[in-house]
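First the proteins, then the strands, lettered A, B, ... as listed; each starts at 1.
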2 protein chains.
Amino acid sequence: MAIREFGLKGLEGASTRSIAAAAGTAMSAITYHFGGKEGLYLAAADHIAAQLGEDMGPALDQSATLAGGDTASARAAIHAILGRFADKLMQADSESKSLFIIREQMHPTEAFDRIYGGMMGQMLETLVQLVCIASGDADEARARLLTVTFIGQIVVLRASRASSLRLMRRDAVDAALVDDLKARVAANVDAILDSLIATRQEPR
Amino acid sequence: MAIREFGLKGLEGASTRSIAAAAGTAMSAITYHFGGKEGLYLAAADHIAAQLGEDMGPALDQSATLAGGDTASARAAIHAILGRFADKLMQADSESKSLFIIREQMHPTEAFDRIYGGMMGQMLETLVQLVCIASGDADEARARLLTVTFIGQIVVLRASRASSLRLMRRDAVDAALVDDLKARVAANVDAILDSLIATRQEPR
DNA sequence: GTCTATACTACGATAGAC
DNA sequence: GTCTATCGTAGTATAGAC
């Protein structure tokens with residue numbers, strides 16, 4: 001698929017010839033259907049955004065109804081979203097898509113707008129609101145920074161995969177490793193939220 | 001510089017012509033001095049590794065002497081290393097280098113070996129040992145996973161920069177933002193280590 | 001040692017056959 | 001609609017002048 005080629009080599013590095021060859025069709029079909037290389041690139045971004053929406057949408061909807069406003073259910077919702085996100089991110093077939101997105105993160109183009117404008121931004125904003133509730137404080141700026149550090153603990157296994165694997169003395173990201181990471185992140189998040197609640201109540 | 005071109009466009013995307021033009025010399029000089037494009041790429045990797053060594057080396061040495069074995073000094077050393085790492089990573093002129101490394105993380109080549117084999121691996125291994133001490137437990141596998149999540153909280157601002165900035169409603173990574181991140185990560189690390197020590201002593 | 005000129009390959013886009 | 005043929009451009013590498 002085109003996503004694989006684009007994810008692997010980027011917009012400039014990928015060649016329409018090899019994409020067409022992989023798809024078993026002629027190169028000129030790309031020009032006809034998508035209006036050129038860039039059109040295909042944006043179409044790939046839309047496809048990624050749509051699929052991410054399908055996969056994360058249910059978890060977000062569930063969180064919206066689940067989090068009634070109390071800290072406990074908000075925390076549970078955070079764990080649910082982060083867990084689902086980790087599963088999705090480490091899933092074998094999402095490798096190409098992850099690479100595609102990471103490339104766009106470095107130098108955003110219109111393709112990034114299409115991805116972030118969809119379910120990705122929605123997931124992050126939902127997390128911010130949940131963190132606000134779970135930390136028992138309405139300091140939104142802090143909640144946004146916290147959310148970034150939460151996401152970072154998961155994303156690192158994709159973005160800095162080679163270093164992470166070497167450091168953990170593993171040679172691939174398998175199901176057991178993902179479970180370990182999810183458990184670790186959940187424990188970390190709990191510890192961080194607990195400390196925030198504790199320091200908030202102490203100074204009174 | 002060549003690193004900028006390689007970091008921006010990758011090995012395949014970069015062109016020796018534009019690199020040579022930016023360096024104010026003829027393209028064939030690259031072939032002569034480095035034996036071709038790939039040779040230049042590896043030379044760039046070596047340069048990055050060397051500079052990273054210069055910048056992180058002192059902090060690591062200091063940590064080695066500072067951490068006498070007690071949890072408090074180990075924790076201080078962790079904070080020092082992570083802080084220095086964040087400074088280095090977000091430094092404006094290191095943007096190209098960061099992109100270079102992140103690219104290699106996705107699909108490691110020999111260039112990654114040269115970078116990781118230098119100061120990068122040394123920094124991570126040092127952190128693992130410090131985390132072992134600071135958490136008051138010799139469970140090395142857990143310390144390695146913890147280290148990954150610590151690094152992730154910092155790296156995310158580079159690897160997922162576009163998303164992070166949008167989420168935090170900022171439009172650039174300035175000094176104030178880096179300070180905020182450093183403080184947040186330090187607080188997070190403290191909370192995580194505290195909870196590990198607490199749960200370790202409770203069950204007795 | 002460094003530059004100029006050139007050979008060779010691969011790219012994206014387009015025109016035209018079917 | 002889809003494929004084949006071809007054009008113009010840009011890439012790396014090399015040979016040879018200086």
Side-chain angles (χ1 to χ4, degrees), chain A residues 1-50 95-97 99-115, chain B residues 1-50 95-97 99-115:
Chain A
M1 184 54 104
I3 294 177
R4 178 172 169 76
E5 183 86 3
F6 281 130
L8 241 56
K9 304 188 175 180
L11 171 58
E12 299 184 345
S15 86
T16 54
R17 277 192 159 85
S18 54
I19 293 174
T25 178
M27 177 197 52
S28 53
I30 292 174
T31 309
Y32 182 81
H33 284 289
F34 303 98
K37 190 189 196 177
E38 203 158 340
L40 178 61
Y41 188 77
L42 290 177
D46 286 337
H47 183 77
I48 290 175
E95 170 150 355
S96 314
K97 295 169 213 155
L99 296 184
F100 190 107
I101 296 175
I102 291 178
R103 273 179 195 278
E104 281 294 321
Q105 296 268 13
M106 299 198 240
H107 286 108
T109 67
E110 190 191 332
F112 183 73
D113 289 330
R114 300 198 182 190
I115 294 173
Chain B
M1 183 56 101
I3 294 176
R4 178 173 169 75
E5 183 85 3
F6 281 130
L8 240 56
K9 303 188 175 181
L11 171 59
E12 299 185 345
S15 87
T16 54
R17 273 191 164 89
S18 54
I19 292 174
T25 178
M27 177 198 55
S28 53
I30 292 173
T31 309
Y32 181 81
H33 283 289
F34 303 98
K37 190 188 196 179
E38 204 157 340
L40 178 61
Y41 188 76
L42 291 177
D46 286 336
H47 182 76
I48 289 176
E95 169 151 354
S96 315
K97 295 169 212 152
L99 295 184
F100 189 106
I101 296 176
I102 290 178
R103 272 178 195 279
E104 279 295 321
Q105 296 268 12
M106 299 199 243
H107 285 109
T109 67
E110 192 192 332
F112 183 72
D113 290 330
R114 301 197 181 190
I115 294 174

Closest non-hydrogen atom pair, B:Phe6 against B:Lys37: CZ-O, 4.0 Å
Residue pair A:Ser15 / A:Ser18, side-chain donor-acceptor N/O under 3.5 Å: yes
What's the closest nucleotide to the side chain of A:Ala26 if the choices are D:dC3, D:dT12, C:dA13? D:dC3
If we only count heavy atoms from C-beta on, is the A:Phe34 to A:Leu42 side-chain gap below 4.5 Å? no
Check DNA chain C against residues 3-20 of chain B and give the residues with a non-hydrogen atom under 4.0 Å, in numerical order. none
Shortest non-hydrogen separation from A:Ile19 to A:Ala14 and the atoms involved: CD1-CB, 4.5 Å
Under a 3.5 Å cutoff, is there a donor and acceptor pairing between the side chains of B:Tyr41 and B:Glu110? no
DNA chain D contacts made by residues 28-45 of chain A, counting heavy atoms under 4.0 Å: A:Ser28, A:Tyr32, A:His33
Of all heavy-atom pairs between B:Ile101 and B:Ile48, which one has the smallest distance, and what is that distance? CD1-CG2, 4.0 Å
For the side chain of B:Met27, starting at C-beta, report the closest nucleotide among C:dG12, D:dC3, D:dA13. D:dA13
Only one of B:Glu104, B:Arg114, B:Glu38 passes side-chain hydrogen bond (donor to acceptor under 3.5 Å, both in side chains) with B:Thr109, and that residue is B:Glu104
Shortest non-hydrogen pair, B:Gly7 vs B:Leu99, comes out as O-CB, 3.5 Å
